[in-house]
Q: 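Here it is, the structure, as structure tokens.
Order of listing sets the numbers, starting from 1, for every ligand and every atom in it.
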Amino acid sequence: MPVPATLIARIDELRLALRDHAHRYYVLDEPSLPDGEYDALYAELLALEQSHPELVTPDSPSQRVGATPDSAFQTISHSVPMLSLDNALTEGEWLAFDQRARERLGWDLSVGLPYVCEPKFDGLAVSLIYRDGVLVQAATRGDGQSGEDITANIRTIRSVPLRLFQSSIEPSLLEVRGEVLMPQEGFERLNAQQAERGDKLFANPRNAAAGALRQLDPNITAQRPLDFYAYAVAQIEGAEWPNSHGQTLSWLASLGFKQSHLVKQGRGPVFVQQAWQSLLDARESLPFAIDGMVVKVDDRQL
Ligand code: 5U1
């Protein structure tokens, strides 16, 4: 018997509503619905999907923990290498970088280069691949050339969209890079639970996040308080690249990715030094660990 159109429409409506509420809760930190109402919508979706399993799709909010435990992670080769960052540890090294960049770019010395400054999250870099807006693959950085397939574990992180929000640019393929981390509060809660059970304590939030991503059973990863911040795009097919890094970050936010409130845009080396000082001042009160500030020239052509 064909499925009534009203039922298909209701399932679509529930998925949209649940996606929207989860985005507000986990990405924007602005809950829009009491937990009980969210749970009721989720239960209604589960019931409809259980009575019509043929209507279940991999990007449904019900499918975050779907896969059964695996015996090993497969190796994935990165089409675009996952590079590491160079360091500037003193004011002199930073000023030398700025000067080198201006000279090599043939930049008018009287105008500061456009820069974006971002916190350097102390977590694990991952690559996420979306085909036609749906998450199809997630991999660790590994050695930068190839990493491990951790798709089932990444799917359990609520701030990772399983399906991208609609936008004016809709690439057929999009590779997003960013960092998985464990916020300090979640880390402390997890270690308290570990202590209660007599289990080994994690040395720091980064180790705890790494342990969570290494689990062969995604049900365990799903119980760990992980978060994901997107900071770069490595591949786009079927659409134009944004012109600048700042535009890339805004676009990623519109697709549903979490962005740090600590990102700053401005011009010239002094702006960067001020941004660094204000990040340093805020460091102790941040909800997650950072191990520096990342500076990017804010112009794709440059
Ligand atoms: N915030 C930020 N962290 N981080 C780490 N941006 C950023 N960019 C990175 C890395 C490894 O690499 C770029 C080359 C995409």
Side-chain angles (χ1 to χ4, degrees), residues 27 76-89 94 97-98 100-101 104-105 113-130 137-148 150 154 157 159-160 171 173-184 204-206 209-210 213 226-236 241-253 255 257-266 271-280 282-283 286-302:
V27 175
I76 282 178
S77 169
H78 298 302
S79 308
V80 178
M82 290 186 77
L83 304 177
S84 54
L85 302 169
D86 204 357
N87 286 320
L89 299 176
W94 157 246
F97 169 87
D98 176 68
R100 224 168 36 243
R104 290 193 193 165
L105 293 167
L113 275 172
Y115 284 118
V116 176
C117 300
E118 304 170 11
K120 183 166 182 297
F121 306 102
D122 194 8
L124 298 119
V126 297
S127 139
L128 309 180
I129 294 191
Y130 290 82
Q137 182 186 286
T140 60
R141 174 175 184 275
D143 63 5
Q145 302 297 325
S146 58
E148 289 179 320
I150 51 163
I154 288 291
I157 304 176
S159 47
V160 171
L173 178 138
L174 176 69
E175 181 176 354
V176 176
R177 301 262 171 96
E179 202 97 346
V180 171
L181 55 83
M182 190 175 287
Q184 187 64 26
N204 53 51
R206 187 177 191 282
L213 288 186
L226 298 176
D227 217 340
F228 175 76
Y229 286 84
Y231 54 60
V233 165
Q235 291 190 79
I236 298 182
W241 284 80
N243 291 330
S244 68
H245 183 61
Q247 285 176 18
T248 303
L249 294 181
S250 304
W251 180 47
L252 287 171
L255 295 176
F257 290 99
K258 194 164 186 165
Q259 294 289 305
S260 161
H261 299 301
L262 302 160
V263 174
K264 289 198 160 89
Q265 280 175 278
F271 154 75
V272 170
Q273 284 169 274
Q274 286 166 348
W276 178 80
Q277 187 59 53
S278 80
L279 188 60
L280 192 61
R283 185 175 190 179
L286 298 180
F288 45 72
I290 61 170
D291 57 350
M293 185 176 85
V294 183
V295 185
K296 298 175 180 170
V297 175
D298 192 19
D299 182 307
R300 190 173 151 69
Q301 243 183 330
L302 293 180

Q: Could you check whether atom CG of Asp86 has more than 12 heavy atoms from other residues, nucleotides or ligands sitting under 6.0 Å from it?
A: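 Count not over threshold, so no.
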Q: Pick, from Leu85, Val233, Val80, the option with the minimum heavy-atom distance to atom 13 (C) of ligand 1.
A: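 Nearest heavy atom to atom 13 (C) of ligand 1 lies in Leu85.
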Q: Should one rank Tyr229, Tyr231, Phe121 by closest heavy-atom distance to atom 9 (C) of ligand 1, which comes out on top?
A: Tyr231
Q: Examine Glu118 against ligand 1 and note whether any of their N/O atoms are separated by less than 3.5 Å.
A: yes
Q: Check if Lys296 has a non-hydrogen atom at a distance under 4.0 Å from any atom of ligand 1.
A: yes
Q: Can you check whether Tyr115 and Trp94 have ring centres sitting under 6.0 Å from each other?
A: yes
Q: Go through ligand 1 atom by atom and flag the ones less than 4.0 Å from a non-hydrogen atom of Ala232.
A: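 In order of numbering, the contacting atoms are 15 (C).
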Q: Out of Arg177, Lys296, Glu179, which one pairs with Tyr231 under the side chain to side chain donor-acceptor pair (under 3.5 Å) rule?
A: Glu179
Q: Show your reasoning for whether ring-ring contact (aromatic ring centres under 6.0 Å, His included) applies to Phe288 and Phe121.
A: CA-CA 8 Å; Phe288 45 72; Phe121 306 102; 5.5 Å; yes
Q: If we only consider heavy atoms of Pro119, is any one of them less than 4.0 Å away from an atom in ligand 1?
A: yes
Q: For a quick test of reading the model, state the closest non-hydrogen atom pair linking Leu128 to Ala138 and the distance between them.
A: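 For Leu128 versus Ala138, the nearest heavy atoms are CD2-CB, 3.7 Å.
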Q: Assess whether salt bridge (Lys or Arg N to Asp or Glu O under 4.0 Å) is satisfied between Lys120 and Glu118, documenting all intermediate values.
A: CA-CA 6 Å; Lys120 183 166 182 297; Glu118 304 170 11; over 6 Å; no
Q: Which bit of Leu83 gets closer than 4.0 Å to ligand 1, counting heavy atoms only: side chain, backbone, both or neither?
A: backbone
